[in-house]
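Here's the structure we're looking at; comments come further down.
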Amino acid sequence: MKKVTFSFDDKRYKGLLGEPMAAALLRSGLLSITKSTYHGRPRGVVGLGVEEPNALVQLVSGTMESMRPATVIEVAEGLAASSLTGVGSLPDIPENARYDKTNRYVDVLVIGAGLAGLRAAEAHLLAGREVLLIDDQPAPGGHLRHLGLDLPSDLRDLLTHKKLTYLSRCTATGLYDQNYVVAIERRSDHLGSAAPVNSARIRVWHIRADQIVLAPGAFQRPLIFANNDLPGVMLSHAAATYVAVHGVRLFKRAVVATVDNQGYRDALRLHQSGVKVQGIYDARAEAKGSSVEASRAAGIPIRFRATVLDVAANKKGACQRVTLQDLDTNETYKISADLLAISGGWTPIVDLATHIGIKPQWSEEHAAFLVNHNTEQLRTVGMLAGDFGDDEHPAVFFGPVLDDEQARRAYIDLQRDTTLHDLRRAVGAGLHSIEHIKRYTTIGTAHDQGKTSGMITIGALCQLNGFAQGGKSSLSPAQVGTLSFRPPYVPVPFAALAGRERGLLSDPIRITPIHQWHKEAGAIFEDVGQWKRPWYFPKSGESMEDAVRRECVAARTGVAMMDASTLGKIDIQGADAAVFLDRIYTNLFSTLPEGQCRYGLMCKTDGIVFDDGVTTRLGKNHFLMTTTTGGAARVLGWLEEWLQTEWPDLKVYCTSVTEHISTIALVGPKSRQLLQALVTDIDLSKEAFPFMHSRMGTIDSIAVRIARISFSGELAFEINVEYGHARYIWERLWSLGQPYDLTAYGTETMHVLRAEKGYIIVGQDTDGTQTPHDLNMSWIVSKKKEFIGKRSFQLPYLKATGRHQLVGLLPEDGSEVIPEGAYITLLNAPTDEHGKTSHIGFVTSSYYSPTLGRAFALALVADGLNRMGEVVDIPIGKKVLRANICDAVFLDKENIKSQL
Amino acid sequence: MLYIPCPHCGLRNETEFHYGAESGVAYPEPNTLTDSEWAHYLHIRANPKGWLAERWVHFAGCGRWFNLWRNTITHEIGPAYLPFTKQPKSPDNSGQEGSKA
């Protein structure tokens, strides 16, 4: 294998390309890798893979990903990492690596490429099915790789089968309903500095499979004893693999403590690699099997009914001497060892199965929770299903017997530094459910999510709860609780989930056809949903305040124009269109003559205002509805819901035309004069073209529809034109308008103008609890017809007094613009014993009006329509503003100007 | 991630759909109801443990509403059917209340 150099904590190490970083560090003699999170104790490598609770590192090369176990990082040229204690850090540099995602639909998904998974894949391939095989290791083989063995040749051939897709370094992170799996494939980290720049570092797979085979294997679990966290205390399978496969020569003398035959197999591998195994201490009364016989033949001392109690550390804090105990006589004895290899039984990886609610079943014979699932959709195989191999003598499952002092040093969750003592305290505090204990002690809540600590917690609880319930020696794990996990199975970087949907691509941006003109004119934009809308158009040196005042004055005294293309537009056609609109809107539309427009308000069934806008009758059976910019999709969905699920007999067809038709609002006393110069085939005079009428015509032979609609209260014309022609029309108006000092304005000025007239914005001046009556709009509620929401107005709580109603507010200090959202209290409202005052409402819209020469606001106030003239307080921090409640219409109450 | 059989488009991911609660709650004649009955129509929907006939809309696909049997505990998906068509039996044959529509 190729030799490479990497660095850890600024020191250079040699390793073999692709081997786990943990193996390379151990081979270099580094036993203690980090310090524990809360107790600051030295910690070393414990496991072999993602279950690793100790050896977390921070990458300082590449993407600088944090909290990666050294057991899963593959060594590559240029790799650099540093130790971390508990908490990693995010780099200050931007994340420039590529991430992507893909979808896959497949006959069979096999998760785990160990022997069981490969055999399952083989069977499905033979049956002619397409198979996706994913595995988190760099190569297939599962535990064979830990034994340094090659795949059997027939399985090697299988990997090239044309109906098989095999993904290495691909971890299933979640199993969801209807066989949906999310997996993350790490595609380039293992290449180090040789990684191609253009390939995605991580690919997120969204997989839907007809059948899923779960073959995840199992984790070895530790034992609980005092100082079980010292460097040099390792899971036996990990220790034997690092020594036998990765050539680690760090350990001279080992003690093996076991509860199953795995301890024997690992003792033999250590022995064969030249480590002196001073004894196998087996908690069981006896053990049969070939590994037991072989250990005996190799001359390794074996003691039954014995286990480890405590470990003493050397000066460096690593394992030096092991205290063992005879479980029958309680006699203890001490043995020197620099490696304590522990085998606490196997914990099959039930995680994915529990994601979809499958309850693992306790098997006394395996001393493990298993998932034996065999349906058409989901099948479990291998160790998860209880296939632990042939040479197996049942393991025992037992809790530790430690005194209080020992329990404080006996770690259950190494990452969280939680001990047996903590667990005893939790039980002592009256907690029994494992779910409560987890949250009380934090066991299993670290990055490893209890992969090694979960089962030993249950083991200890069996004992503790047994004692708690009347002195019985112990309960079965099935009585204590089961393992259940939530996705993700391993930590997933947010960058991977975001994929390419970052920055400009994080959300679609919608622009109008006139957008480029706005940009060139120096507009400052604001986001309205996904739309970019000009907010205001500052001239050089102008503040926002200056610009908005200038724009407002132009609209009220001269002529100004705004791009209103973002308005939601729904084309409604059909023989029953008028009947339908009568049911949707609170007011009548069937009486609207062709070529005329009407403002409408719609409510949900509960009587609450939902959207508003002007609808124009283009023909007998043809309407064009406008909606609020943000409400277009919602309203179309609402119309469709009624048409499809309640009134299928109505012949009505709704089509979104928001992006087909562009709208330019030309506003101000001089707007008619300007527009008439451009439009020759429509008489724009008041007599020929009254307010709320719509006319078809042309501008430079481009078809336009002009409507006398005003959202400002001024004389105004809305010019509707096919999207592609909008910029042309805009620019024609602009050049023609220069002698009139035509002014472009944005949404801020639009808001000032509409608020001066008391025109609401649904969602700003309403908070989802206002009826039309609350908005002082009873005039728009038809008494003659039925419509959606009408019945609700009779409900007592919508008729009650004290409801929040829309009013105007004039601050006593006319120069003071009240912040929107500010609370309103009664005048000199008393405070309670905590110094608090209750409010009677809040400010919804607030601006400075150049026309009024003062600040003004709209507000929702309890019983507000009966409080006209009342003076109220508006506390802003330590200051209290004072304001008068007034009618919400501040200008031209008779609506004369818009009808000129 | 539920896998939902849109009657028009076939099996699609749950993210393409919006949920519409219990199906078969027809819009009543509002003026024949007491306040309490009307409030019940507005706010109360069945939410049993087990099989429930629900309304869904394929908003990111064909935009059509349909009905669907779904098990609220196991998340199993039963048959889908169009509005105003005969309701299929629930997958456990319980004949539980469901859609009239």
Side-chain angles (χ1 to χ4, degrees), chain A residues 103 105 174-182 206-210 355-359 375-378 487 583 603-608 633-634 636-650 653-656 785-800, chain B residues 1-5 7-8 10-15 17-44 54-60 62-67 70-78 82-85 99-101:
Chain A
N103 294 284
Y105 298 81
L175 173 58
Y176 305 88
D177 293 313
Q178 277 95 44
N179 276 10
Y180 187 79
V181 167
V182 175
H206 296 264
I207 305 160
R208 187 77 80 166
D210 288 344
H355 288 175
I356 52 166
I358 294 173
K359 296 251 180 292
T375 63
E376 238 175 84
Q377 290 79 34
L378 187 73
R583 295 185 192 177
C603 295
K604 290 259 167 135
T605 47
D606 58 4
I608 301 303
R634 226 171 20 238
L636 180 60
W638 179 244
L639 302 181
E640 282 291 338
E641 181 178 346
W642 286 92
L643 286 172
Q644 291 180 36
T645 69
E646 293 296 343
W647 304 320
D649 51 313
L650 294 186
Y653 307 93
C654 303
T655 310
S656 168
K785 56 145 192 172
E786 245 338 285
F787 59 86
I788 293 169
K790 187 178 190 182
R791 174 67 181 83
S792 291
F793 300 148
Q794 302 308 314
L795 294 173
Y797 59 88
L798 291 189
K799 289 195 296 190
Chain B
M1 172 83 81
L2 297 175
Y3 209 24
I4 297 175
H8 305 286
L11 284 164
R12 298 296 184 96
N13 283 337
E14 182 185 347
T15 46
F17 297 84
H18 281 166
Y19 183 63
E22 181 191 9
S23 76
V25 183
Y27 187 56
E29 175 48 56
N31 299 314
T32 63
L33 302 185
T34 64
D35 282 354
S36 160
E37 287 165 343
W38 176 249
H40 194 277
Y41 163 74
L42 288 180
H43 303 298
I44 308 295
E54 301 172 331
R55 301 189 319 148
W56 289 81
V57 58
H58 193 191
F59 84 93
C62 59
R64 307 303 293 175
W65 283 87
F66 60 95
N67 301 308
R70 185 180 68 100
N71 190 308
T72 59
I73 299 300
T74 64
H75 298 184
E76 282 168 278
I77 300 287
L82 295 173
F84 309 104
T85 61
S99 175
K100 283 158 272 170

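When reading the values below, keep in mind they use all heavy atoms of this one structure, side chains included, and skip hydrogens, waters and symmetry mates.
- Between A:L650 and A:W642 the shortest side-chain heavy-atom distance does not fall below 4.5 Å.
- A:E641 places none of its side-chain heavy atoms less than 4.5 Å from the side chain of A:L643.
- Between B:E54 and B:W56, the side chains place a donor N or O and an acceptor N or O closer than 3.5 Å (distance only, hydrogens not considered).
- Both the backbone and the side chain of B:W65 come within contact range of chain A, judged by heavy atoms closer than 4.5 Å.
- Both the backbone and the side chain of B:L2 come within less than 4.5 Å of a heavy atom of chain A.
- A:L175 contributes atom CG, which lies 7.0 Å from atom CD1 of A:I358 (distance to the nearest 0.5 angstrom).
- With chain A as partner, the option from B:V57, B:T74, B:D35 having the largest number of non-hydrogen pairs under 4.5 angstrom is B:D35.
- With a 4.5 angstrom heavy-atom cutoff, A:E786 touches chain B only via side-chain atoms.
- Using a 4.5 Å heavy-atom threshold, the side chains of A:P487 and A:V182 count as separate.
- With a 4.5 Å cut-off on non-hydrogen atoms, B:I73 does not touch chain A at all.
- Of the listed residues (B:H18, B:R64, B:H43, B:H75), the greatest number of heavy-atom pairs within a distance under 4.5 Å of chain A belongs to B:R64.
- Listed options A:E646, A:H206, A:Q794 were ranked by heavy-atom pairs under 4.5 angstrom with chain B; first place goes to A:E646.
- Only the side chain of B:Y41 comes within less than 4.5 Å of a heavy atom in chain A; its backbone stays farther off.
- Contact count versus chain B (heavy atoms, under 4.5 Å) is highest, among A:P796, A:G357, A:P648, for A:P648.
- There is no contact between B:S36 and chain A, counting heavy-atom distances below 4.5 Å.
- At a cut-off of 3.5 Å, with distance as the only test, a side-chain donor of A:R208 or B:N13 sits close to an acceptor on the other residue.
- B:E29 CD: more than 12 foreign heavy atoms inside a 6.0 Å radius.
- Of the two parts of B:Y3, the backbone and the side chain both hold a non-hydrogen atom closer than 4.5 Å to a non-hydrogen atom of chain A.
- Side-chain contact check for A:Y176 and A:H355: no donor-acceptor pair (N or O, by modelled atom type) lies under 3.5 Å.
- A cation-pi contact, defined as under 6.0 Å to the ring centre and within 45° of the axis, links A:R583 to A:W647.
- Only the side chain of B:R55 has a heavy atom closer than 4.5 Å to any heavy atom of chain A.
- The choice from A:S792, A:A633, A:G174, A:G637 that makes the most heavy-atom pairs within less than 4.5 Å of chain B is A:S792.
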